[in-house]
Number of protein chains: 2
Amino acid sequence: MTGRTKVDQREYLNLGRVLTTAVSVADEAGIEAISMRKLAQKLGVVPMALYKHVANKEQLLDGVVDVVVREIAPPDPTLDWKPAVRARILSARAALLRHPWARRVMESKATPTPVVLDYIESTIAIFRAGGLSVDLTHHALHALGSRIFGFTQELYNDSQNAGPIPPEAIQMLAQTHPHSAAVADSRRHQQSSVVGSGCDDQFEFEFALDIVLDGLERLHRQGWSSSAPRTSAASG
Amino acid sequence: MTGRTKVDQREYLNLGRVLTTAVSVADEAGIEAISMRKLAQKLGVVPMALYKHVANKEQLLDGVVDVVVREIAPPDPTLDWKPAVRARILSARAALLRHPWARRVMESKATPTPVVLDYIESTIAIFRAGGLSVDLTHHALHALGSRIFGFTQELYNDSQNAGPIPPEAIQMLAQTHPHSAAVADSRRHQQSSVVGSGCDDQFEFEFALDIVLDGLERLHRQGWSSSAPRTSAASG
DNA sequence: ACCTGAACACCGTTCAAGT
DNA sequence: ACCTGAACACCGTTCAAGT
């Protein structure tokens, strides 16, 4: 009977509140701030109370990823397959920019959750509705890979904190690695849209994405098939 | 004076032995088997003894990555830039296939070690020697991204243990996600070179790599520049 | 029957005590 | 001066004791 007062003092914990709290904790303090103990403290409960809603930490992270994936905009049925896929991937990228820690969590997973599977399914559906064969769609998924989720595939992703590389650093780099310094320095001559970074990340993302999408479109127009005699994949 | 007997009983620990032991431990038992405590035990020393050779665990992992990166074959100067880059990346991929845990370790790093910087430098040198502009080389590095290191960018990389997806699983998947099931099923009709996996990972890797390299070659031939009026990146 | 605090088996690293 | 064992501050999860 005394348990009844708990209802008045505090909302019962539920899975939704656990997950959205975990997302906001990660947004504010990074993924390393999500431990069962710290999250429980944030929720004002004992650590073991979380185990009423998730079986273990892995299941918690699955749920957290699902929250992020659900933020990705659904496909626009009025677009042709190429702009539709492009818009979808850019929406996924936007979601990951809001939750930069989510990429690492997703990469640590070995199998997709049903929510992620739904996302993949609807993305495949865009290709198929656009007339691409099952075969080419299969290879397209491999070629796009985790870019489907909006992942960038830069050499070093974690330089989000740093702004442009200071000139002194490039000067020093030039003494040992001149080519690298020259390429790094070419960033600062692009004043197009630079905000915090020395590089226009959005431009580079779209540049790489368009190379792949254009290559796939070319193969599609050629009626390319993997069982046909092998030539250079995207030439002709 | 009694310390002298230590020399007879056991070789003095040195950094090289620490790193090569760490690599073989990871090869045999996975990256989670590398902890300062377990590694020390494997070497027959007390955990704190490792701190004579590395400042902390991060520095240990840096050294371990360096061992793997040094296994990548140097560029072949007799080849044109495209086949040279292609061969280099395939050599990097081969190194990662021997040390599958290395990818995750490299991704956890925020900045490159000098050894990794040497690798990047020599790869950039291939592009420049082939006549690509600094500008295009810059974008090429972004477009290839971590593929430079031989990283695959599949949706799920950790399915190395599993063989082909069993037909029953595809049947079940088909009920909820028909497109995904069809695409997954298209794997089993490629009997080209399948060894353990249901998919020809080498083919898919080269397929995606060639799309990017062919796109870059096309832009190079067009004299493409990022400062020129923007069109679809790789079309024309 | 339910909840939960203590405990377990780890981890990287600090630090002071012992030689 | 050097080495190193105990200790610290964590972690995810188990489990039995208490209500």
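Proteins get letters first, then strands, A, B, ... in listed order; numbering begins at 1 in each.
- Taking 4.5 Å as the limit, some side-chain heavy atom of B:L97 sits within range of a side-chain heavy atom of B:R93.
- Closest to the side chain of A:V46, from the set D:dC11, C:dT4, C:dT13, is C:dT4.
- As rounded to whole Å, 13 Å separates atom C1' of C:dC8 from atom CE of A:M48.
- Among the heavy atoms of the strands lying under 4.0 Å from B:M36 are primed sugar atoms or P, OP1, OP2 only; no base atom is included.
- In this structure, CG of B:L61 is placed 15 Å from C1' of C:dT13, rounded to the nearest angstrom.
- Separating the CD1 atom of B:I34 from the P atom of C:dG12 is a distance of 10 Å, rounded to the nearest angstrom.
- Nucleotides D:dC8 and C:dG18 are separated by 16 Å at their P atoms, to the nearest Å.
- D:dA17 makes up no base pair with any nucleotide shown, lacking Watson-Crick or G-U wobble contacts both under 3.5 Å.
- Judged by Watson-Crick or G-U wobble contacts below 3.5 Å, the nucleotide C:dC3 has no partner.
- A donor-acceptor contact shorter than 3.5 Å is absent between the side chain of A:H53 and the backbone of A:V18.
- At whole-Å resolution of the value, NE2 in B:H53 and P in C:dT13 are 16 Å apart.
- Closest non-hydrogen pair, A:Y119 versus A:I148, comes out as OH-O, 2.6 Å.
- What separates CG of B:L50 from P of D:dC3 is a distance of 14 Å, to the nearest Å.
- Residue B:K38 places its side chain closer to C:dC11 than to any other of C:dC11, C:dA7, D:dT4.
- Closest heavy-atom contact between B:V134 and A:A182: CG1-O, 3.6 Å.
- Atom CD in A:Q41 sits about 13 Å away from atom P in D:dG12, given to the nearest Å.
- Of the nucleotides present, C:dG12 is the one that pairs with D:dC8 by Watson-Crick or G-U wobble criteria, both distances under 3.5 Å.
- The OH-C1' distance, from B:Y51 to D:dG5, rounds to 14 Å in whole Å.
- For A:S35, a side-chain nitrogen or oxygen approaches OP1 or OP2 of D:dG12 to under 4.0 Å.
- Remark: aromatic rings of B:F203 and A:H139 are close, center separation under 6.0 Å.
- Checking C:dA7, C:dT4, C:dT14 against the side-chain heavy atoms of A:R37 singles out C:dA7 as nearest.
- A:K57 places its NZ atom 15 Å from the P atom of D:dC10, with the value rounded to the nearest Å.
- Distances shown here put a side-chain N or O of B:K52 below 4.0 Å from the OP1 or OP2 atom of D:dC3.
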